Asks: 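Quick one: structure below, then a few questions.
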There are 2 protein chains.
Amino acid sequence: MILHDIYTIIAEPSRRRILDCLLRSDATVKDLTEELGLSQPLISSHLRLLRESGLVRVQADAQRRIYSLDASPLTGVDDWLSTYRAKWNQHVDRLEEHLDRQKRIKKENLQ
Amino acid sequence: MILHDIYTIIAEPSRRRILDCLLRSDATVKDLTEELGLSQPLISSHLRLLRESGLVRVQADAQRRIYSLDASPLTGVDDWLSTYRAKWNQHVDRLEEHLDRQKRIKKENLQ
DNA sequence: AACTAGTATAAATAATCGTTTATATAAATA
DNA sequence: TATTTATATAAACGATTATTTATACTAGTT
């Protein structure tokens with residue numbers, strides 16, 4: 001078996017939808033199949049990967065399995081992203097500067 | 001051909017390494033092959049996807065192609081992550097509470 | 001005890017993707 | 001003009017992965 005890193009885990013749209021569901025509230029496998037309109041085995045296989053990557057926890061309730069979110073493994077992604085945050089802020093800053101300049105020019109032309 | 005969303009783009013380790021390189025400084029294809037130890041066609045094919053997703057820009061310089069980073073498409077990922085940030089902060093908070101309690105108990109035992 | 005509900009897993013498949021090899025293009029150099 | 005340098009791309013291959021189908025297991029329910 002292959003160890004999945006967190007980036008490939010969240011690359012899958014259905015898995016992100018599962019996480020988004022669990023962010024709102026804990027849910028059983030059946031809950032998730034109904035909310036997302038995916039087959040039970042598919043949900044289960046995604047949940048397995050999410051479990052192995054530490055993003056979800058399971059708690060047994062009779063036949064049911066109640067899944068809940070543990071977002072902490074996402075901090076790694078957040079750390080990686082934070083290096084880039086400065087960059088796109090530069091972009092936004094430059095855009096704002098540009099708009100300010102435009103505004104100033106417009107004003108000057110009106111005088 | 002298939003449209004790649006930003007999550008699958010950054011799921012690939014080599015592509016993240018390319019982005020990390022470009023974060024430090026602009027680079028030609030050759031620069032990247034030497035820095036990352038990957039074949040030229042492989043670098044080029046990764047760069048193509050990065051270009052298509054808007055994460056990099058190209059500028060021609062004779063035969064060379066100078067690639068530079070545009071981090072702004074990553075804001076989408078950042079927005080998605082921000083929903084989860086509150087969650088893992090809860091975890092950290094609980095951990096801190098726990099440690100504080102431990103400390104307090106230790107102190108009380110020493111008195 | 002038979003049946004139903006909820007879930008996991010194994011096998012099979014189809015599609016996708018990373019990687020290599022080979023080739024084409026375009027600009028610079030000799 | 002022939003050669004070299006830098007890059008892109010197409011074809012081929014192997015590996016991985018998402019998804020379906022079928023099945024097994026476990027805990028209630030009748």
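Numbered from 1 within each chain, the chains take letters A, B, ... in sequence-line order. All values reported here derive from a predicted model rather than from experimental measurement.
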Asks: Counting distance alone, no hydrogens or angles: does the base of C:dA8 have a donor or acceptor under 3.5 Å from a partner atom on the side chain of A:Q40?
Replies: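 Check passes, donor-acceptor contact within cut-off.
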Asks: Is the phosphate of D:dT20, meaning OP1 or OP2, less than 4.0 Å from a side-chain N or O of A:S39?
Replies: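 Answer yes for this pair, as a side-chain N or O of A:S39 is under 4.0 Å from OP1 or OP2.
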Asks: Name the nucleic acid region contacted by A:S45, choosing base, sugar-phosphate or nothing; use a 4.0 angstrom heavy-atom cut-off, strictly under.
Replies: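 The answer is base, as A:S45 lies within the cut-off (heavy atoms under 4.0 Å) of a base atom.
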Asks: For the pair made of CG in A:D61 and P in C:dA8, what is the distance, rounded to whole Å?
Replies: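 One finds 13 Å between P of C:dA8 and CG of A:D61, rounded.
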Asks: Is there a donor and acceptor pair, one atom on the side chain of B:Q63 and one on the base of D:dT5, closer than 3.5 Å?
Replies: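 Yes.
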Asks: Nearest whole angstrom, please: distance from the P of D:dT19 to the CZ of A:R17.
Replies: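 After rounding, the reported distance stands at 10 Å.
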Asks: Figure out the CG/C1' separation between B:L42 and C:dA22, and round it to whole Å.
Replies: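 Rounding to the nearest Å, CG of B:L42 and C1' of C:dA22 are 15 Å apart.
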Asks: Would you please confirm or rule out a distance under 4.0 Å between OP1 or OP2 of D:dT19 and any side-chain N or O of A:H46?
Replies: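 Answer yes for this pair, as a side-chain N or O of A:H46 is under 4.0 Å from OP1 or OP2.
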Asks: Tell me the interatomic distance from A:L38, atom CG, to C:dT7, atom C1', rounded to whole angstroms.
Replies: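 To the nearest whole Å, that distance equals 16 Å.
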Asks: Side-chain contact, heavy-atom cut-off 4.5 Å: B:R16 with A:Y7?
Replies: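 Result yes, sub-4.5 Å side-chain heavy-atom pair found.
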Asks: What integer distance in Å separates A:L49:CG from D:dA18:C1'?
Replies: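 About 10 Å, once rounded to whole Å.
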Asks: In whole Å, what is the span from the CZ atom of B:R64 to the P atom of D:dT4?
Replies: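 The answer, rounded to whole Å, is 17 Å.
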Asks: For the side chain of A:S44, counting heavy atoms from C-beta on, which of C:dA8, C:dT20, C:dG18 is nearest?
Replies: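 Closest of the options to the side chain of A:S44: C:dA8.
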Asks: Would you please confirm or rule out a distance under 4.0 Å between OP1 or OP2 of D:dT7 and any side-chain N or O of B:R48?
Replies: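 No, because none of the side-chain N or O atoms of B:R48 sits under 4.0 Å from OP1 or OP2 of D:dT7.
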Asks: Expressed as a whole number of angstroms, how long is the span from B:L32:CG to D:dA6:C1'?
Replies: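 It works out to 13 Å between those atoms.
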Asks: Between A:E12 and B:D31, which is nearer to the 5' end of DNA chain D once each is assigned its nearest nucleotide?
Replies: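 Closest to the 5' end, via its nearest nucleotide, is B:D31.
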Asks: On DNA chain C, nearest-nucleotide positions of A:R65 versus B:A62: which is more 5'?
Replies: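 The residue closer to the strand's 5' end, by nearest nucleotide, is A:R65.
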Asks: Once you round it to whole Å, what is the distance between P of D:dT19 and CG of A:L47?
Replies: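 Rounded to the whole Å, the gap is 13 Å.
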Asks: Same cluster or not: A:L23 versus A:L36, using hydrophobic residues (I, L, V, M, F, W, Y) connected whenever any side-chain heavy atoms lie under 4.5 Å apart?
Replies: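 A:L23 clusters together with A:L36.
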Asks: Of the nucleotides D:dA22, C:dG18, C:dT20, which has the atom closest to the A:P41 side chain?
Replies: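 The closest nucleotide is D:dA22.
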Asks: Taking only the side-chain nitrogens and oxygens of A:Y67, find out if one of them lies under 4.0 Å from OP1 or OP2 of C:dA8.
Replies: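 Checking A:Y67 against C:dA8: at least one side-chain N or O falls below 4.0 Å of OP1 or OP2.
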Asks: Just checking, any donor-acceptor pair under 3.5 angstrom between side chains of A:D5 and A:T8?
Replies: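 Yes, A:T8 and A:D5 have a side-chain donor paired with an acceptor closer than 3.5 Å.
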Asks: If we only count heavy atoms from C-beta on, is the A:S14 to A:L42 side-chain gap below 4.5 Å?
Replies: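 No - every pair of side-chain heavy atoms lies 4.5 Å or more apart.
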Asks: Using both distances under 3.5 Å as the test, list the Watson-Crick or G-U wobble partner of C:dT29, or none.
Replies: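 Here C:dT29 is engaged in a pair, and the nucleotide opposite it is D:dA2.
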Asks: Looking at side-chain heavy atoms only, is the closest gap between A:K30 and A:R64 below 4.5 Å?
Replies: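 No, too far: nothing below the 4.5 Å cut-off.
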